[in-house]
Amino acid sequence: MEQKLRVGILGATGMVGQRFISLLEDHPWFEVVTVAASVRSAGKTYEEAVGDRWKMNTPMPEKVKSLIVRNVNEVEAVASTVDFVFSAVDMTKEEIRAIEEEYAKTETPVVSNNSAHRWTPDVPMVVPEINSEHFEVIEAQRKRLGTTQGFIAVKPNCSIQSYAPCLAAWKEFGPKEVVATTYQAISGAGKTFKDWPEMEGNVIPFIGGEEEKSEQEPLRVLGSVKDGQIVKADLPKITCQCIRIPVLNGHTAAVFINFEKKPTKEQLIEKLVNYKGFPQEADLPSAPKQFIRYLKDDNRPQVALDVDFENGMGISIGRLREDAMFDYKFVGLSHNTVRGAAGGAVLCAEALTAKGYIKAK
């Protein structure tokens with residue numbers, strides 16, 4: 001790309017906003033030129049606005065320290081400085097839906113980490129390796145919004161990333177029933193142990209809204225495009241429990257699965273390790289070379305050893321074995337704030353750029 005696209009980050013001071021800043025530091029296609037947040041932060045330098053709340057384990061990039069934080073609600077002013085925006089705003093769902101559409105109507109594409117538009121029928125919710133063809137609904141969305149360039153695209157919930165890719169890889173065998181329990185890191189709540197000391201040595205068996213997302217969002221990802229809308233898949237039927245555990249980064253899933261056509265273990269592993277999608281075919285900058293890997297050791301995947309596989313963009317699967325009640329069971333692991341949040345959104349933006357949906361204004 002001859003000239004980098006100008007990027008704005010909405011909600012830039014929060015944990016996911018910080019992850020965007022970190023991931024985009026040396027990006028070959030995108031350059032962060034604008035940071036926006038609430039009125040509390042507006043007018044300060046980014047370094048001043050974040051203060052001692054920088055949550056990444058790498059230093060704040062020098063390029064963004066002196067950027068003046070803009071008021072995220074001053075939509076026209078922010079949009080005039082960028083080619084597209086990443087959205088990680090902390091608002092109510094109604095407010096998020098409204099402000100993301102407002103940005104889109106300024107002819108500014110919005111790639112969102114938020115859940116507010118995940119069930120808007122003409123908004124694609126995409127894991128680029130699995131369903132990049134869902135971007136086709138953007139044409140219908142633009143007609144609804146009255147735009148030629150502006151639109152909204154979203155990535156799915158972080159909790160599904162550790163097992164939904166398997167369902168896509170195994171599609172030909174007809175996954176029909178899934179029982180999953182996710183063990184979710186505290187960064188999924190935007191926290192560190194400094195912020196949330198009561199999580200040390202603790203387990204909380206409830207995360208608001210997560211079980212519904214974990215059961216339904218894979219069906220939308222596995223769905224199809226029909227008449228300018230996404231129609232969710234009927235199968236598999238999924239039931240899920242979501243548990244918060246004392247881990248900083250990394251969502252683990254323990255999964256039981258039944259198939260319409262029971263495959264062999266060897267067939268399942270072969271489908272996992274050879275599974276590729278548009279990001280690998282197009283050699284996108286953030287695409288993992290190996291999207292899904294299979295680990296043979298009984299004690300893998302482990303958060304400490306495996307969460308950063310492929311710079312946090314790969315999925316690790318292990319302990320695949322036959323079960324007494326289900327066909328198979330396995331354990332999956334994904335990095336919740338990289339693949340599951342900001343990194344997944346960056347990969348979506350790369351796919352949208354490669355497909356011509358995002359362009360310089």
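In what follows, every heavy atom counts, from backbone to side chain, and hydrogens, waters and symmetry copies are set aside. Position 1 is the first residue of the sequence, and the numbers go up from there. Please read these numbers as outputs of a predicted model, since none were measured by experiment.
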Chemist: Other residues, nucleotides and ligands only: do more than 12 of their heavy atoms fall within 6.0 Å of NZ on Lys359?
Modeler: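 Result for NZ/Lys359: open.
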
Chemist: Could you measure the distance from the OH atom of Tyr183 to the CD atom of Gln241? Nearest 0.5 Å is fine.
Modeler: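 One finds 8.0 Å between OH of Tyr183 and CD of Gln241.
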
Chemist: Counting distance only, does the side-chain N/O of Arg53 pair as donor-acceptor with the main-chain N or O of Gly51 below 3.5 Å?
Modeler: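 No; zero donor-acceptor contacts below 3.5 Å.
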
Chemist: Can you confirm whether more than 12 heavy atoms, excluding those of Gln3, are under 6.0 Å from its CD atom?
Modeler: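 Counting neighbours around CD of Gln3, 12 or fewer heavy atoms of other residues, nucleotides or ligands fall under 6.0 Å, so no.
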
Chemist: Check the pair Val111 / Ile358 against side-chain contact (heavy atoms from CB on, under 4.5 Å), numbers first and verdict last.
Modeler: CA-CA 10 Å; Val111 182; Ile358 294 177; 4.1 Å; yes

Chemist: Between Ser316 and Arg293, does any side-chain donor sit less than 3.5 Å from a side-chain acceptor?
Modeler: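 The answer is yes; a qualifying pair exists.
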
Chemist: Say whether Asn336 and Gln184, considering side chains only, have a donor N or O and an acceptor N or O under 3.5 Å apart.
Modeler: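 No, no side-chain donor-acceptor pair sits under 3.5 Å.
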
Chemist: So with a 6.0 Å cut-off around CG of Asn71, is the heavy-atom count from everything else above 12?
Modeler: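 Counting other residues, nucleotides and ligands, CG of Asn71 exceeds 12 neighbours.
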
Chemist: How far does NE2 of His134 sit from CD1 of Ile130, to the nearest 0.5 angstrom?
Modeler: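 Nearest 0.5 Å value for the NE2-CD1 distance: 10.0 Å.
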
Chemist: Minimum heavy-atom separation for Arg19 to Ala342, with atom names?
Modeler: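 Nearest heavy atoms, Arg19 then Ala342: CG-CB, 3.4 Å.
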
Chemist: Report the distance from atom NZ of Lys237 to atom CG of Asn258, rounding to the nearest 0.5 Å.
Modeler: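 The NZ atom of Lys237 sits 14.0 Å away from the CG atom of Asn258.
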
Chemist: In Å, rounded to the nearest 0.5 Å, how long is the span from CD1 of Ile257 to SG of Cys166?
Modeler: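 Between Ile257 CD1 and Cys166 SG, I get 8.0 Å after rounding to 0.5 Å.
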
Chemist: For a quick test of reading the model, state the closest non-hydrogen atom pair linking Val64 to Met60 and the distance between them.
Modeler: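 Closest approach of Val64 to Met60, heavy atoms only: CG2-CG, 4.0 Å.
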
Chemist: Between Asn249 and Val307, which heavy-atom pair has the shortest distance, and what is it?
Modeler: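 Smallest heavy-atom distance, with atoms named: O-CG2, 3.8 Å.
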
Chemist: With rounding to the nearest 0.5 Å, note down the distance linking CG in Asn131 to CZ in Arg220.
Modeler: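 The distance works out to 9.0 Å.
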
Chemist: Once ring-ring contact (aromatic ring centres under 6.0 Å, His included) is applied, do any residues pair with Phe84, and if so which ones, sequence neighbours excluded?
Modeler: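 ring-ring contact (aromatic ring centres under 6.0 Å, His included) check on Phe84 returns Phe30, Phe86.
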
Chemist: Between Glu129 and Arg339, does any NZ, NE, NH1 or NH2 come within less than 4.0 Å of an OD or OE carboxylate oxygen?
Modeler: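 A salt bridge links Arg339 with Glu129.
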
Chemist: Taking NZ, NE, NH1 and NH2 as the nitrogens, is one of them in Glu94 or Arg97 under 4.0 Å from a carboxylate oxygen of the other?
Modeler: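 Salt bridge flag = yes for Arg97 with Glu94.
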
Chemist: Testing the 3.5 Å rule here: is there a donor-acceptor pair between the side chains of Thr34 and Thr81?
Modeler: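 Short answer, yes.
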
Chemist: Would you say the side chain of Tyr103 lies within less than 4.5 Å of the side chain of Val78, judging by non-hydrogen atoms?
Modeler: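 Val78 vs Tyr103: side chains touch.
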
Chemist: Counting C-beta onward and ignoring hydrogens, is there a side-chain heavy-atom pair between Glu270 and Asn274 closer than 4.5 Å?
Modeler: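 A side-chain contact under 4.5 Å exists here.
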
Chemist: State whether Lys271 and Glu172 are salt-bridged, where the test is any N-O pair (Lys NZ or Arg NE/NH1/NH2 against Asp/Glu carboxylate O) under 4.0 Å.
Modeler: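 Here Lys271 pairs with Glu172 in a salt bridge, since their nearest N and O are under 4.0 Å apart.
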
Chemist: side-chain contact (heavy atoms from CB on, under 4.5 Å) for Leu268 and Phe259? Distances and angles first, verdict last.
Modeler: CA-CA 11 Å; Leu268 292 175; Phe259 294 96; 3.8 Å; yes

Chemist: Around atom NZ of Lys4, are there more than 12 heavy atoms from other residues, nucleotides or ligands closer than 6.0 Å?
Modeler: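 More than 12 within 6.0 Å, yes.
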
Chemist: Which atom names give the shortest non-hydrogen contact between Ala189 and Arg244, and what distance separates them?
Modeler: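 Heavy atoms only, the tightest pair is CB-NH2, 3.6 Å.
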
Chemist: In Å and rounded to the nearest 0.5 Å, what is the OG1 to NZ distance from Thr192 to Lys194?
Modeler: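 It comes to 7.0 Å.
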
Chemist: Can Lys65 and Glu62 be said to form a salt bridge (Lys or Arg N to Asp or Glu O under 4.0 Å), step by step?
Modeler: CA-CA 5 Å; Lys65 286 183 177 180; Glu62 291 294 327; 2.9 Å; yes

Chemist: Would you say Gln280 and Gln290 make side-chain contact, with heavy atoms under 4.5 Å?
Modeler: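 No. Closest side-chain heavy atoms not under 4.5 Å.
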
Chemist: Could Glu102 and Lys105 be called an ion pair, given the rule that one side-chain N must be under 4.0 Å from one carboxylate O?
Modeler: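 No, this pair does not count.
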
Chemist: Going by distance alone, is a donor N or O of one side chain under 3.5 Å from an acceptor N or O of the other, for Ser80 and Lys361?
Modeler: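 There is no such pair (donor and acceptor under 3.5 Å, judged by atom type) between the side chains of Ser80 and Lys361.
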
Chemist: Do the charged groups of Lys143 and Asp122 touch, with an N to O distance under 4.0 Å?
Modeler: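 Looking at Asp122 together with Lys143, the answer is no, because their closest N to O distance does not fall below 4.0 Å.
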
Chemist: Would you call the rings of Tyr357 and Phe135 parallel, tilted or perpendicular, taking 30° and 60° as the class edges?
Modeler: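 Judged by the thresholds at 30° and 60°, the geometry between Tyr357 and Phe135 is tilted.
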
Chemist: Would you mind reporting whether Leu352 and Ile138 have side-chain heavy atoms less than 4.5 Å apart?
Modeler: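 Yes; the side chains approach each other to less than 4.5 Å.
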
Chemist: Taking ring-ring contact (aromatic ring centres under 6.0 Å, His included) as the definition, give me every residue that meets it alongside Phe330, ordered by chain and number, with sequence neighbours left out.
Modeler: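 With neighbours one apart ignored, the set is Trp170.
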
Chemist: Side-chain contact, heavy-atom cut-off 4.5 Å: Pro218 with Ile238?
Modeler: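 Heavy-atom side-chain distance check passes, below 4.5 Å.
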
Chemist: For atom NZ of Lys171, decide whether the heavy atoms of other residues, nucleotides or ligands shown that lie under 6.0 angstrom number more than 12.
Modeler: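 Count not over threshold, so no.
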
Chemist: Quick one, Leu235 and Pro175 - any side-chain contact, counting heavy atoms below 4.5 Å?
Modeler: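 No. Closest side-chain heavy atoms not under 4.5 Å.
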
Chemist: Looking at residues at least two apart in the chain, or sitting in another chain, which of them share a ring-ring contact (aromatic ring centres under 6.0 Å, His included) with Phe326?
Modeler: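 Applying ring-ring contact (aromatic ring centres under 6.0 Å, His included) to Phe326 gives Phe256.
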
Chemist: Okay, side chain of Arg319, backbone of Asn299: is any donor-acceptor separation there less than 3.5 Å?
Modeler: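 No.
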
Chemist: I'd like to know whether Gln161 forms a side-chain contact (heavy atoms from CB on, under 4.5 Å) with His251, so could you lay out the CA-CA distance, the side-chain angles of the two residues, the decisive distance to 0.1 Å, and finally the verdict.
Modeler: CA-CA 8 Å; Gln161 311 280 339; His251 286 355; over 6 Å; no

Chemist: Flag yes if more than 12 heavy atoms outside Asp227 fall under 6.0 Å of its CG atom; otherwise flag no.
Modeler: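 Atom CG in Asp227 is not crowded, with 12 or fewer foreign heavy atoms closer than 6.0 Å.
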
Chemist: Tell me, yes or no, whether the heavy-atom count around Glu25 atom CD, taken from other residues, nucleotides or ligands under 6.0 Å, exceeds 12.
Modeler: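 More than 12 heavy atoms, drawn from other residues, nucleotides or ligands, come within 6.0 Å of this atom.
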
Chemist: Counting only N and O atoms by type, is there a donor-acceptor contact under 3.5 Å from the side chain of Thr147 to the main-chain atoms of Glu107?
Modeler: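 Flag not set: sc Thr147 to bb Glu107 has no pair under 3.5 Å.
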
Chemist: Taking Tyr328 for the side chain and Lys265 for the main chain, is one N or O donor matched with an acceptor at less than 3.5 Å?
Modeler: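 A pair under 3.5 Å: yes.
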
Chemist: If you define the side chain from C-beta out and look only at heavy atoms, does anything of Val72 sit under 4.5 Å from Met91?
Modeler: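 Counting from C-beta outward, Val72 and Met91 do come under 4.5 Å.
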
Chemist: Please answer whether the main-chain N or O of Thr58 pairs with a side-chain N or O of Trp54 as donor and acceptor at a distance below 3.5 Å.
Modeler: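 Indeed, once roles are kept as given, a pair shorter than 3.5 Å links the two residues.
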
Chemist: Assess the residue pair Leu5 and Trp29 against the criterion (side-chain contact (heavy atoms from CB on, under 4.5 Å)); give the C-alpha distance rounded to whole Å, side-chain angles, the decisive distance to 0.1 Å, and a yes or no.
Modeler: CA-CA 6 Å; Leu5 294 172; Trp29 293 4; 5.8 Å; no

Chemist: Are any of the side-chain heavy atoms of Asn114 and Val154 separated by less than 4.5 Å?
Modeler: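 No - every pair of side-chain heavy atoms lies 4.5 Å or more apart.
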
Chemist: So which heavy atom on Ser214 is nearest to which on Cys242, and how close?
Modeler: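 In terms of heavy atoms, the two residues are closest at OG-SG, 3.5 Å.
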
Chemist: For Met125, which of Glu217, His117, Lys232 qualifies under side chain to side chain contact (heavy atoms under 4.5 Å, CB included)?
Modeler: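 When side chain to side chain contact (heavy atoms under 4.5 Å, CB included) is applied between Met125 and each of Glu217, His117, Lys232, only Glu217 qualifies.
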
Chemist: Regarding Arg144 and Glu101, does a basic nitrogen lie under 4.0 Å from an acidic carboxylate oxygen?
Modeler: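 Counted as a salt bridge, because a side-chain N and a carboxylate O are separated by less than 4.0 Å.
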
Chemist: Taking all non-hydrogen atoms of both residues into account, name the closest pair between Leu219 and Pro236 and its distance.
Modeler: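 Heavy atoms of Leu219 and Pro236 come nearest at CD2-O, 3.1 Å.
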
Chemist: Please say whether more than 12 non-hydrogen atoms of neighbouring residues, nucleotides or ligands are located less than 6.0 Å from CD in Glu260.
Modeler: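 Count over threshold, so yes.
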
